[in-house]
Amino acid sequence: MKHMTRKATRHISQNEGLIFEKSSPGKAAWRLPPLDVPEVDAASLLGASERKDLGNLPEVSEIEIIRHFTRLSTWNYAIDLGMYPLGSCTMKYNPRVNEVVARLDGLANAHPYQPEKISQGAMRIMQSLSDCLLEITGMDAITLQPAAGAHGELTGLLMVRAYHESKGSPRKKILIPDSAHGTNPATAAMVGYAVENLKSNSAGMVDVAALESQMNEDVAALMLTNPNTLGVFEQEIHKIADIMHAKGGLLYMDGANMNALVGKVRPGDFGVDLMHLNLHKTFSTPHGGGGPGSGPVAIKKILEPFLPTPVVITKSDGTLAFEYNRPQTVGRVRGFYGNFGMFVRALAYILANGPDGLRQTTEDAVLNANYIRKGLEGVYDLPYSTPSMHEVVFSDKIQAKKGVKTMDLAKRLIDYGFHPYTTAFPLIVPGALMIEPTESESKEEMDLFIESMKSIAEEVEEDPQMVLDAPHNTRVSRLDEVLAARKPVLRWKPSTAEPVK
Amino acid sequence: MKHMTRKATRHISQNEGLIFEKSSPGKAAWRLPPLDVPEVDAASLLGASERKDLGNLPEVSEIEIIRHFTRLSTWNYAIDLGMYPLGSCTMKYNPRVNEVVARLDGLANAHPYQPEKISQGAMRIMQSLSDCLLEITGMDAITLQPAAGAHGELTGLLMVRAYHESKGSPRKKILIPDSAHGTNPATAAMVGYAVENLKSNSAGMVDVAALESQMNEDVAALMLTNPNTLGVFEQEIHKIADIMHAKGGLLYMDGANMNALVGKVRPGDFGVDLMHLNLHKTFSTPHGGGGPGSGPVAIKKILEPFLPTPVVITKSDGTLAFEYNRPQTVGRVRGFYGNFGMFVRALAYILANGPDGLRQTTEDAVLNANYIRKGLEGVYDLPYSTPSMHEVVFSDKIQAKKGVKTMDLAKRLIDYGFHPYTTAFPLIVPGALMIEPTESESKEEMDLFIESMKSIAEEVEEDPQMVLDAPHNTRVSRLDEVLAARKPVLRWKPSTAEPVK
Amino acid sequence: MRYLPKSDADREAMLKSIGARSIDDLFAPIPAEYRLQRDLKIPRQMAESEIVDWFRERSRENGDGHATFLGAGAYYHYRPVIIDSLISRGEFLTAYTPYQAEVSQGTLQSIFEFQTMICELTGMEVANASMYDGSTAAAEAVMMAVRLTGRRSVLIGRSVHPEYREVLSTYAHHQGLPLATIPFTDNARLDLKALEKSITPETACVLIQSPNFFGTIEDVDAIAEIAHKNGAMLVVSIAEAVSLGIVEPPRQADVIAMEAQSFGVPLGFGGPYCGVIATRDKFVRQMPGRLVGETKDHNGKRGFVLTLATREQHIRREKATSNICTNQALIALMVNIFMTIYGKVGLRELAKQNLAKTTYAAQQFGKHAKVLFSGAPRFNEFVVQTSEDPYAINSRILGHKIVGGLPLKKFYPELGNASLWCCTEMTTRSSIDTAVGLVAESERSVKSAKEEVEEVAR
Amino acid sequence: MRYLPKSDADREAMLKSIGARSIDDLFAPIPAEYRLQRDLKIPRQMAESEIVDWFRERSRENGDGHATFLGAGAYYHYRPVIIDSLISRGEFLTAYTPYQAEVSQGTLQSIFEFQTMICELTGMEVANASMYDGSTAAAEAVMMAVRLTGRRSVLIGRSVHPEYREVLSTYAHHQGLPLATIPFTDNARLDLKALEKSITPETACVLIQSPNFFGTIEDVDAIAEIAHKNGAMLVVSIAEAVSLGIVEPPRQADVIAMEAQSFGVPLGFGGPYCGVIATRDKFVRQMPGRLVGETKDHNGKRGFVLTLATREQHIRREKATSNICTNQALIALMVNIFMTIYGKVGLRELAKQNLAKTTYAAQQFGKHAKVLFSGAPRFNEFVVQTSEDPYAINSRILGHKIVGGLPLKKFYPELGNASLWCCTEMTTRSSIDTAVGLVAESERSVKSAKEEVEEVAR
Ligand SMILES: Cc1ncc(COP(=O)(O)O)c(C=O)c1O
Ligand SMILES: Cc1ncc(COP(=O)(O)O)c(C=O)c1O
């Protein structure tokens, strides 16, 4: 590899087997306090229901557990280590103060059913966050109950359905642009709607004429991501809204890309009827290797009767309470009140930023994406020249000529010390490289990224095979996903136990 | 390198420059609350004393700081990553619950001068720890004030001196075995004593005959480490004590190796007059890259009048208080009361273990050392065949024939995924390999260590140069310590600033 | 803003290289009339110390320091401190879904271990990487059964957590899936006769919970037999994971939908928690959620990857088994660490302490008030019926900084003044005795009041 | 025991391979008569939850939640949360002194940055990796001056922290170093005339503190001139590091001994803290403590190592510059992170807020009681003299969960009813007003009492 990176080096890394391979009878990491009530005989209390054996659960000591998970952790890439430009994922800095306040005893140990009298703090947090999110989105009401973006979509479409039902018919279809995220169609199906695809135009935006012709009284709503998954703002958004409303349809906005808009423009102002937010994207709650998230749904007045229960209300005496009696509600979408811990973190993030901080954040996010676009234009194919907001999508068209695909480029990027961008999405761009730096990247880090991507492009010309064989600097080389799917091994079994490698 | 290790692999590792190289004017990681009192004009208040400029302090954002120190941390080896067999350092597991309790608001935010009325909790912790340590050592009184082992030695010898002065003369000399740690002679000098060396006998123990002849009324005390730095228990300890006492001398025990004795034997029972403990070794407080530590000094009754002030006492009403009025005290050795945070951790460790846990801990520590000794005997030269307690000392005699020294072997051990043992100490063993596994190592981890050490021995035979060039698997290769000392660069300067490598 | 790694000079330089005159150029695509020309009306930028103070205030308003007898789907168990030490490592906390396996082996291996331990505990053959929570896991498990059986109607035990039932009906309603509820008998177990009567060839599955909402352990074998006899599947929800330490898992179930919050996840006012679905190998392709599988790298070295993605939304879109994308990974890691800490022996001992505390408490309450449903074995919850309104009694108990049992009126009006009490290893004998004392007092006063009335009547 | 990674089977196997019959064989070297045949009399093994509960109790007994006006060498400043997030990483927390540079670059580079920032702040050319605390740093700095000058007598300002002076005399006493104390004038600054008088050709150094124990900034130039004129060195102790944000450092000093606790280190009832010594390049070889230096690896790549070890005990033994081995590395890392967070601009703003709060407080107190030493500039501490015994006033203030200033009787009887008050950015106006109100009340009542007496007298 003649091109060397200034970003990373190789260093010694600890091996570690599966925890089951470290287990042996008699080791323990637990100890219980002495019992302050009489011992009981499980057999006589539970009879046939008594469990005698816990199978292959491990028996290990505390230090082995510390080392096991510490070693495992060092095999991960993370935002804390460097740029994580996964498009559509908004991998921004996760502030540590959020983690501290979420662990305050009164919040971390609060039982969801404790009396409202001693739950005012938690409800106040929910109300404050709701107020902020409504001001940010320009909407009228909100539910914090959904556990993630897709769950928010589900909640939103349930409200769409209930709304139309209240008007006589639930309608049949949801219109979804071909650039949409997979959760959009999947959600529509879960709510019993047919999905009708909407072609994008040459600019990567909704083809308004097509929309005009496809829109009719069977259509319940259009699910639009704005900026869309190409990072492009739907400039004709007002026309789009008018077309939907004219035929009694609703405009649902997938707010996953809200990081491009906060403080600069409000969906409620450009005709959106309902939308979800991803607190784990735009509002800095940590991804934690895949979750948890939180997907509040903000709505216009017309949809308020259909909100899931309960809803936080202010009583005449000024105290807060949960309201359950809402006849037109779509019902609950989750137990209790949602991922409360994420509400705490998102609110802490908003308070740390304030109006000026949030605006600057959005501006930096858009600035970063455009800086990368500028830096890589020409080196990588840019399928849509439409202006980019918070992310930019290239394609592997140029490199594919040498047989090198977006995933191969991604694996090579790992050798350069970066986490790859999002590969092969959106589907309308064959061989997509979807890059979202977020505001959290310094110029220095992005210059290294641009330099690395350029260097890889040269490598593709000089030695495509080396790129195809990447990664070369990781503790495991490229893993065989086909093998994994062909005969799935989804759990460890004593028989298949291997020695520590 | 034909020998491959099962312990470690190489993995991508982030580069990171000096924080000053990331600084640029206008970036900030801080924000202060609005002032609730009138602004002031520093110039008019401070006049000539007003500082105008803070020089080259950095200006960076929070995420850059998180990444800076996270990246740096990944360049370190640590107990949490694996075996850390530094002889004499007792690198055992540092329990996390210790860290949690040390951070409880009432303890972490307590001011040392706050009224005793609201300091009962802290004093109770100091008293409980003192009681436990006295029971463990078999001594009569204790001071927790010294900040580390060497500081404990200083405190101890100050008491020795005060004791002898009270008897008419401070005496002139301290006897110190040639196997002793450097802090022992250095401390004696600081207290104004001459150091007289004591030869070890062929078994690596104090030569009792020599002691007999060297002991006289000029000798204030003998500083003895037991088990000594060879990991050998001084079997004639009772004779040694008698010889010292016969001539009015005192027996000081360096308790750095107390991990070999806790719960099995008490220094107070075998004639020790005073000793220090290293809470950061035997009692699990973390080393933190070099400190903080805590070096309590436990003493026999005869020395009690000389304890540093203040001393925690119980008042008639049962509450605790600090006693300052002690006419014969050697005085303070540190501000306030010592490294209180370490007291909390050490006590938490003792409570987690209890009598049975502490005994088992000691037994496992000794078992581990002997297991390694057995595993490497013959492969490496064992200069003293005397039975080992908690650590074992080999020499590089066999490998030196090929020009490979203990430090070279150590560097190669790094490639195998281990932190090296202590090199070149104790001085009585030329080319020493001083190995202390502690009780925290599993059989699995030690088998890997033994396997690695054997493999290195083979490599020395087959390819000594490769070993001399080690380490090969680290982000930096062997660093030039001579260059560093010849023209010292002890701070970054704008001029010498280098780009990120 | 202190999180942003840029100086104004950096911004200038970048705009220049982009060729933009000002940042506004980059927002030009947004129609001018919509661009916000004012500051958002949200609180001003706060210092970190102010943020901490603000939330401390909220924490104090929130029952900080109360003992609790509440369970009902959210359980207060001790959380070993190393859980937070480990999940706070940035490498776990700030990583995304492990799409790029070569730099995500830490997350992937830990999920693989999680899947394995859930299988061991539930007696199932395969478990997924997590679902949002126990309620949505139950709903998705039922949908799974609907797909697998090709049948559409669903039977639910009335002893299933009321909120789980609400969520299921929300999910089912708009797909027009007929739901029917099966009552419970006077030992709180599912009414088998009623089940026999209601089950039809159209029944896709029977959903029960065990231990059920009242803490009672269901007769899973009998229910399974009836379900299977009728070609329906049995879906079992488990809300109190610690019960698995000492209660035989529902091995006869076809799908298990679990809430793992009890395993080291803070109560956190209801979330984030950790749902999981476990089932048989043969059903895996209809399973929702992420799955991690073992594989090899180019050199034959063991490694782990996300697998069977063809079930998921990003591949199958409207044909996916679910729309779930982001799950509860970090919470699953808490659960994983908890299971690792207690392990094979500790988990049983822990469950045994829960059983002992609960048995003692039920006995004590039984001396002064009516403990319902004693006819069947229970784990760590039980129902106490008082003469006085439980809300009134609870407010007196609250005076002792103790939160009493959950009044059941709201969910089960037919049970009158009943409330659901829960004891875990965290419940002290003294708080039990205090609560029992106050209940006893209430009973006495009601009784004497009644007697007085009778007096007068005579 | 849950920390021990061994099963009994492991122990058996290991004993077997060693060839020992039982573990007792391995303890045979210990003479039988000394071997302990009983359990240690310490508390029984506790569960983690019991340990946490026990210390929570102690924490509650320890003034949890009080506001404080105490300073005097230990200062209550805000600690940004990322300090603990970062130092809690096992790679920093559980590493030893970086003897093996190739696997310790993280610790080494951070110490190098620490040394650099301390130099920038103090105006010195070289700083070490840390000392135990400010008091021992001051004592070691004085010893250093003694070695460098070859002189033996030492002059100390009476305005130096009393405990620092105690420690110095403990260190000096047994080496027979004559110590003399220089008084302070009525503006609390060192009495220059007295200094002129006491300094002799035998004087190795003058030790002062600035800001001194009363918060007053010393006239360092004048003192330096007198010291240097007499061939003595000037050693300056700095106990309140935040002062360096807005107070000119003592650039004329030869050695600076600092306590860096104010930089992100918890009060922690007095420790662990972070001492540091900074000086001129030319004195480095007489400096105690560890030093990190820059160097290169075989490939010319920058790296860092411990250097100039020939000063240290493990090489020089009785000829070492100090016996220090373990230092305060992790605390130095806290300090390093704190300095990095506030940096060039923030540290000045922080210091400015301290100045503002203190100025306001001193003004308010001045309206009702006597504020001493107003003749010279001060940073964040000041001395208030009351008519009533300050202990009595403080106990009333304590009733408001506020800890009043430090009564100085114990250290400076000549100041009568004086106490030392400190304000930092954490001090709220409302607590200042509350404290001032109670002091004012006390003054009024004393006054009226006096008047009554006079009445009677008349
Ligand atoms: C555009 C878009 N929509 C929806 C989602 C789904 O959100 P979640 O993963 O929180 O369910 C995502 C997340 O990747 C997304 O990028
Ligand atoms: C035998 C011995 N004595 C004394 C010391 C000094 O202890 P400390 O480093 O805590 O000052 C050590 C530490 O390495 C040691 O091993």
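Just so it is clear: chains get the letters A, B, ... in the order the sequence lines come, proteins before strands, and each one is counted from 1.
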Structural part of Ala188(A) lying under 4.5 Å from a heavy atom of chain C:
neither

Using non-hydrogen atoms and a 4.5 Å limit, figure out which bit of Ala102(A) sits close to chain C: side chain, backbone, both or neither.
neither

With only heavy atoms counted, which part of Glu99(A) is less than 4.5 Å from chain C, the side chain, the backbone, both or neither?
side chain

Using non-hydrogen atoms only, which part of Asn94(A) is less than 4.5 Å away from chain C: side chain, backbone, both, or neither?
side chain

Note: vs chain A, highest number of non-hydrogen pairs under 4.5 angstrom among Leu350(C), Thr68(C), Ile87(C), Ile82(C) is Ile82(C)

Can you tell me how the ring of His419(A) sits relative to the ring of Tyr84(A), calling it parallel under 30°, perpendicular over 60° and tilted otherwise?
parallel

Part of Asn368(A) within contact of chain C (heavy atom distance under 4.5 Å)
both

Salt bridge present between Glu349(C) and Lys352(C) (N-O < 4.0 angstrom)
no

Over 60° means perpendicular and under 30° means parallel, so tell me whether Tyr113(A) and His111(A) are parallel, tilted or perpendicular.
tilted

Could you check whether any side-chain N or O of Arg429(C) sits under 3.5 Å from a backbone N or O of Asp36(A), counting only pairs where one atom can act as donor and the other as acceptor?
yes

Which region of Gln114(A), side chain (C-beta onward) or backbone (N, CA, C, O), has a non-hydrogen atom less than 4.5 Å from a non-hydrogen atom of chain C, or is it both or neither?
both

Counting only non-hydrogen atoms closer than 4.5 Å, does Met190(A) touch chain C with its backbone (N, CA, C, O), its side chain (CB onward), both, or neither?
both

Proximal component of Thr326(C), with respect to chain A [non-hydrogen, under 4.5 Å]:
both

Chain A heavy atoms under 4.5 Å from Ser59(C): which part of the residue, side chain, backbone, both or neither?
both

Which of parallel (below 30°), tilted (30 to 60°) and perpendicular (above 60°) describes Trp492(A) and Phe20(A)?
parallel

Relative to chain C, which segment of Thr361(A) carries a heavy atom at a distance below 4.5 Å: side chain, backbone, both, or neither?
both

Taking Asn62(C) for the side chain and Asp64(C) for the main chain, is one N or O donor matched with an acceptor at less than 3.5 Å?
no

Proximal component of Pro488(A), with respect to chain C [non-hydrogen, under 4.5 Å]
side chain

Contact part of Phe270(A) toward chain C, heavy-atom cut-off under 4.5 Å: side chain, backbone, both or neither?
both

Okay, side chain of Ser49(A), backbone of Val247(C): is any donor-acceptor separation there less than 3.5 Å?
no

Closer than 3.5 angstrom, by distance alone: can the side chain of Ser442(A) be matched with the main-chain N or O of Glu445(A) as a donor-acceptor pair?
yes

